[in-house]
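Note: hydrogens, waters and symmetry copies are ignored here, and every other heavy atom, side chains too, is used. Model, not experiment: these values are computed from the prediction. Lettering of chains follows the sequences in order, A, B, ..., and the numbering in each one begins at 1.
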Amino acid sequence: MDSSLILQNVLTPPVLFFFLGTIAVLVKSDLEIPAPLPKLFSLYLLLAIGFKGGLELQKSGLYGQVLPTVSSAVLMSLIIPLLCFVILRIKFDVFNSAAIAAAYGSISAVTFITAESFLENQGIPFDGFMVAALALMESPAIIVGLLLVKLGANKTRPGSSQIRLRGILHEAMLNGSAYLLLGSLLIGFITAAHNPSAIAKMQPFTGNLFYGAECFFLLDMGIVAAQRLPSLKKTGSFLIGFAIAMPIINAFLGVLVARALTLSPGNALLFVVLCASASYLAVPAAMRMTVPEAKSSYYISTTLGLTFPFNIVFGIPVYMGLVNKLIPIAN
Amino acid sequence: MDSSLILQNVLTPPVLFFFLGTIAVLVKSDLEIPAPLPKLFSLYLLLAIGFKGGLELQKSGLYGQVLPTVSSAVLMSLIIPLLCFVILRIKFDVFNSAAIAAAYGSISAVTFITAESFLENQGIPFDGFMVAALALMESPAIIVGLLLVKLGANKTRPGSSQIRLRGILHEAMLNGSAYLLLGSLLIGFITAAHNPSAIAKMQPFTGNLFYGAECFFLLDMGIVAAQRLPSLKKTGSFLIGFAIAMPIINAFLGVLVARALTLSPGNALLFVVLCASASYLAVPAAMRMTVPEAKSSYYISTTLGLTFPFNIVFGIPVYMGLVNKLIPIAN
Amino acid sequence: MDSSLILQNVLTPPVLFFFLGTIAVLVKSDLEIPAPLPKLFSLYLLLAIGFKGGLELQKSGLYGQVLPTVSSAVLMSLIIPLLCFVILRIKFDVFNSAAIAAAYGSISAVTFITAESFLENQGIPFDGFMVAALALMESPAIIVGLLLVKLGANKTRPGSSQIRLRGILHEAMLNGSAYLLLGSLLIGFITAAHNPSAIAKMQPFTGNLFYGAECFFLLDMGIVAAQRLPSLKKTGSFLIGFAIAMPIINAFLGVLVARALTLSPGNALLFVVLCASASYLAVPAAMRMTVPEAKSSYYISTTLGLTFPFNIVFGIPVYMGLVNKLIPIAN
Amino acid sequence: MKRLDLIFSERELQSVIIALEKCGATGYSVTKHVTGKGPNSLVSEDMEFTGLGTNAHVIIFCDDSLIEKLKPILDPILNYYGGVAYVSEATPL
Amino acid sequence: MKRLDLIFSERELQSVIIALEKCGATGYSVTKHVTGKGPNSLVSEDMEFTGLGTNAHVIIFCDDSLIEKLKPILDPILNYYGGVAYVSEATPL
Amino acid sequence: MKRLDLIFSERELQSVIIALEKCGATGYSVTKHVTGKGPNSLVSEDMEFTGLGTNAHVIIFCDDSLIEKLKPILDPILNYYGGVAYVSEATPL
Ligand SMILES: Nc1ncnc2c1ncn2[C@@H]1O[C@H](COP(=O)(O)O)[C@@H](O)[C@H]1O
Ligand SMILES: Nc1ncnc2c1ncn2[C@@H]1O[C@H](COP(=O)(O)O)[C@@H](O)[C@H]1O
Ligand SMILES: Nc1ncnc2c1ncn2[C@@H]1O[C@H](COP(=O)(O)O)[C@@H](O)[C@H]1O
Ligand code: NA
Ligand code: NA
Ligand code: NA
């Protein structure tokens, strides 16, 4: 059953375009999407997903499952990096362990988007408020990561003075992608409340165009992920194993929490995907600034080159199978 | 009543995204929209607004209020820079005065677009031929500015030889943004006349996408405007006062002319906004070439950093209030 | 009759925007579309045309006229470069002759797209499987060109070792534009077969937006083509004549084959346009790598500066007239 | 041989290139999208969409004689419109 | 006069520019989107959308005295975050 | 130490970088999107979308010994495909 889900997932346009990008690199095609075009699509996707989430959050209100789900999501993004950190410390120093742990505690918006497309394709409903969980799970892991460095590292490191609590909060909340996602969510919320006629006018841009833009971006992500593969050799097998095993562990934890929250299958999958995905936007930007001692190739190559493709191709359908097995259908 | 209009204006997506950009800079988020993405949106908006204007101009024809309105608009863009010049000469030399005066005599297409969105949001009708006024008001102020320099400046300046009448007309009519706007207007006009079936095929690009693209561009304009704020300190309080007071004065003049022309409230607002807005596309490009003696930071920082945000946020609703008060509703 | 077709063609938005770009350069406007925006539109058009073609190919299946038409198309892209090579050798060395011949044997996707728009505008039906011909005609001419160099050139040239058959096939099949076109075709095909619900979700991006994006890209192509004009002076009158006469000869051959295939008028026009158009994407990229001895300005300036504009403006309607005259309407 | 570095507004790029070709330069390279600050100007990235344009950095590897020829032509352009020009030593690899 | 070439991550651009202005540099030029490799890092184009950012290349033409002033300020930044700084001779055209 | 400036078509970038790494270069920086003119070529911005590509400017700060090692490898590439290579003096800040 899982293998049929995997096949169904692989045969959707977003995943097919992801493969098209990957194969381009493997067969040495000179296909490239030059900067800053990936940035355009990445900004667009964050803006659109945030805006749409805001609209639906306003419709659903903050009642029912919304607050418990969102708080549990935030909690997960505090616990997961601690767990990762403990595991990573077996092989890595404090700096690298904290940076990688923060990446895996945080989320990948594009993985979330692909999971939404998967659900739509399967005809499984899900709620708009899950975008709020997405937006709020981006930052906490950064805070945990930086606190771990502050506590664990030698006090006399040259940059230690820079990691003040204010600086940590700044890096966590105000990096471009978290800020745009949260801001667009808020604008969507306000628009739905005060200006419902504007929703229809935004729809062609933030709604109709979304699926195609997602495909275009995944084409680029396929290229980028495949380009990262060679540098994975240098990261060693421990980290390679971590980049595949950790998402599965996190997904398992996520399913248990989703079950406790009695989430619908659709919401449960999105919750699980948030736990299982790792950040390659917000976290690397923050870590580069505050923990330059950590090797950026470690946290970028694993998240982009392994965890992201794994989740997109296998993870989502496998987690769906897990959800179907472990969560009794309520309604 | 005005304050409720301001609030209604502020709660629309375009203005909210503008704020999102501004706040990003103020709180030092690293959100950025790298070049040449702003150029993409700026080209798109000019092309789309021109094309749509051309379509509607063809429908309405050149009868009725069209010619009087457009001629009055051009007249305003000749008179306003002269008025500005006289005021600016109190503090500035001929070069800077002429350059700033030209900027305030010309127009800002994005301010116009935002005013259109405001009207649509308020359910107030307006005519497509106003885009012709927009297109034709971009250049005359440049001509006035360059003539002022030619007449007012020391005859022996090294560059004086370059400012021939032909050169002036060239800079005024053929700078990229004026050319694209006018050209797209013409193409829209021809398409509506000879190829009506193509209108529907352009609609998803030039029509449906417009509102969302406007929001995205205003996000960038918010960033740019806020980045200009520090350099405003160096321009001095006279120029800061000018950048706020002059739009109001020009708006007032505009309302009087709109009243004399018996324009409908919607058209009147657009007319007023054309008078009140200042150029940061066509005019700076022309002035940089022909009047390098003028400090570009003067005319760019005031138009982008003050006048544009003022008009977008407060100006449009305030001018609407002015129009409602001073122009008796005809129909 | 042809002249009325030409006029009808010239008055469509894509051709009008092409003119707008051309005139911008001629009147020295500073309108420019900075890199990498043209690349964005070029990638988008290839992806969208491929995807749409794949959808329709799946619908129509590989029966009836599909295989004969596609095979004849590939055959033409093998014969045409040989013919061109013989003609070009009158004046040019092996390297330049082979490179230019390859360009004229291959195709221009944007010319094809403009021909499709022309047909839609004229209400003449055509089949989606013609995109397969487009995709498969891009590469064979490259192979012919490189084989001609391998056979014709001095065996001791420094780079000769590099042109192995594997290398030739690699350059031919895996250059970015051929790869993206073929890949998107395949994805469209798979999507239509396994995931029909995704078709509607792609439609706003790959379908609705297409015409407008085509106009925007043609605006840029107009600029680029006009910028190439001065360098045409240096290429000499032989090559200038070739760049106009060869498309007409190839079109004539194409009409004869289309007649033999009993293609419908719409498909016939597309077939003819494929024969008559010349590549400025895939072929130059491949030739630059493998035949650096050839002057890139020869094959780029003629294809972009002459053949492309000629086909867009005059060629398409003239070829339509030819099709109408020489092919008896079957149904 | 010499290396000449010119940094100035891209708006003057066309006239500088014409000057280079008139003086017989066999080659030059241009990097656009350069921002910066000088005694008279602050050039930031956002100027690209306003039409003001950012700076161009032109590098010319050439003989000493070309430098002499270029000086009287480039100096007035850079003095009037702004920009810098510096010469250093360079030898072909 | 001297020419100072700095290449480092664009994430530190702001602090380097502040350092330059504090030391009284009258001008500088910045090229962004520079990729590269150093003993500690590999900077590729795809880092632009991840927020890691690529490198910036800053060129400063200045007197020898400014170089002396800049050294103690720039060295710690480049040592901690990575990057290179080289000085060569340059004379105004 | 030395500074090596290479300017050539970005299509050869990969092979040049492989050459650099083979010779043991510890670092290099690459600026793409460079246009220009040489004795054999005119590289303009529109070549970016045609797939011809524009130029890359590679800067390497290194010891004299690396220059010697690079010369025999880079010369044939630049001679066959076009491009320039110049060496100048540079001292670390
Ligand atoms: N000392 C300098 N070092 C490097 N670049 C400079 C220097 N002075 C000026 N520039 C560049 O030259 C441009 C024009 O300067 P200006 O002459 O002030 O108009 C500036 O925007 C900088 O990019
Ligand atoms: N020897 C070198 N020559 C030229 N650029 C260098 C060199 N070493 C480092 N770089 C540049 O400086 C950046 C930072 O290097 P690193 O100090 O390893 O973090 C690299 O990404 C390169 O762009
Ligand atoms: N004398 C020169 N100075 C600076 N750049 C040059 C020079 N000659 C050639 N170039 C650059 O090298 C590239 C290749 O030149 P070519 O060797 O003619 O193919 C040109 O496009 C220029 O960017
Ligand atoms: Na996670
Ligand atoms: Na005005
Ligand atoms: Na052909």
Side-chain angles (χ1 to χ4, degrees), chain A residues 4 7-41 44-45 48 113-114 116-124 203-220 222-223, chain C residues 34-44 46-48 50-51 54-55 166-167 169-210 212-213 281-282 285-286 288-289:
Chain A
S4 110
L7 193 71
Q8 283 171 40
N9 181 46
V10 161
L11 292 178
T12 56
V15 181
L16 288 171
F17 276 106
F18 180 81
F19 279 128
L20 192 63
T22 311
I23 296 169
V25 176
L26 299 183
V27 299
K28 293 198 168 56
S29 163
D30 65 352
L31 177 66
E32 65 162 357
I33 300 180
L37 302 181
K39 183 91 182 184
L40 169 66
F41 285 90
Y44 164 78
L45 291 176
I113 288 165
T114 315
E116 284 194 344
S117 298
F118 173 82
L119 290 173
E120 286 173 8
N121 192 46
Q122 298 278 325
I124 302 171
Q203 175 63 13
F205 186 73
T206 50
N208 304 347
L209 220 58
F210 194 80
Y211 195 71
E214 180 190 342
C215 289
F216 198 106
F217 190 61
L218 279 171
L219 174 65
D220 183 62
I223 297 174
Chain C
L37 302 182
K39 183 92 181 182
L40 170 66
F41 285 90
S42 141
L43 290 171
Y44 164 77
L46 290 170
L47 187 154
F51 187 81
L55 295 182
R166 237 189 106 220
L169 284 174
H170 185 275
E171 279 306 317
M173 307 299 293
L174 295 176
N175 68 73
S177 64
Y179 179 85
L180 181 57
L181 187 57
L182 266 172
S184 304
L185 188 89
L186 205 67
I187 292 178
F189 193 92
I190 297 173
T191 302
H194 292 94
N195 221 330
S197 72
I199 299 175
K201 291 175 75 185
M202 286 297 274
Q203 174 65 14
F205 186 72
T206 50
N208 303 349
L209 220 59
F210 194 80
L281 288 184
R288 169 73 187 73
M289 283 301 279

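The contact between A/Ile23 and chain C is made by backbone and side chain atoms together, counting heavy-atom distances below 4.5 Å. If you measure heavy-atom distances from A/Leu219 to chain C, the contacts under 4.5 Å come from the side chain alone. Within the 4.5 angstrom heavy-atom criterion, no atom of A/Phe210 approaches chain C. Both the backbone and the side chain of C/Leu40 have a heavy atom closer than 4.5 Å to some heavy atom of chain A. The contact between C/Asn175 and chain A is made by backbone and side chain atoms together, counting heavy-atom distances below 4.5 Å. Using a 4.5 Å cut-off between heavy atoms, C/Leu209 contacts chain A through its side chain alone, with no backbone atom that close. For a residue to count as touching a neighbouring chain, one of its non-hydrogen atoms must lie under 4.5 Å from one of that chain's; by this rule C/Ser197 touches chain A with the side chain only. Contacts between A/Leu37 and chain C at a heavy-atom distance below 4.5 Å involve the side chain alone, from C-beta outward.
A distance of 7.0 Å separates OH of A/Tyr211 from CE of C/Met202, quoted to the nearest 0.5 Å. To the nearest 0.5 Å, atoms CG (A/Asn121) and NE2 (C/His194) are separated by 12.0 Å. If you take CZ on C/Phe189 and CG on C/Leu186, they are separated by 8.0 Å, rounding to the nearest 0.5 Å. Distance CZ/A/Phe17 to CG/A/Leu218: 10.0 Å, rounded to 0.5 Å.
Inter-residue side-chain proximity for C/Ser42 and C/Ser177 is flagged as unmet; no heavy-atom pair is nearer than 4.5 Å. Looking at A/Phe41 and A/Asp220, their side chains never come closer than 4.5 Å, going by heavy atoms from C-beta outward.
Just one of A/Phe205, A/Phe216, A/Phe217 meets the ring-ring contact (aromatic ring centres under 6.0 Å, His included) condition when paired with A/Tyr44; it is A/Phe205.
Contact count versus chain A (heavy atoms, under 4.5 Å) is highest, among C/Thr206, C/Leu47, C/Leu180, for C/Leu47. In terms of heavy-atom pairs under 4.5 Å with chain C, the best-connected choice from A/Leu11, A/Asn208, A/Leu20 is A/Leu20. Ranking C/Ala178, C/Pro36, C/Ala193 against chain A, the residue ahead of the rest is C/Pro36, based on heavy-atom pairs under 4.5 Å.
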Hey, mind stepping through C/Lys201 and A/Glu120 against salt bridge (charged side-chain N to carboxylate O under 4.0 Å, His left out) and telling me if it holds? CA-CA 10 Å; C/Lys201 291 175 75 185; A/Glu120 286 173 8; 2.6 Å; yes
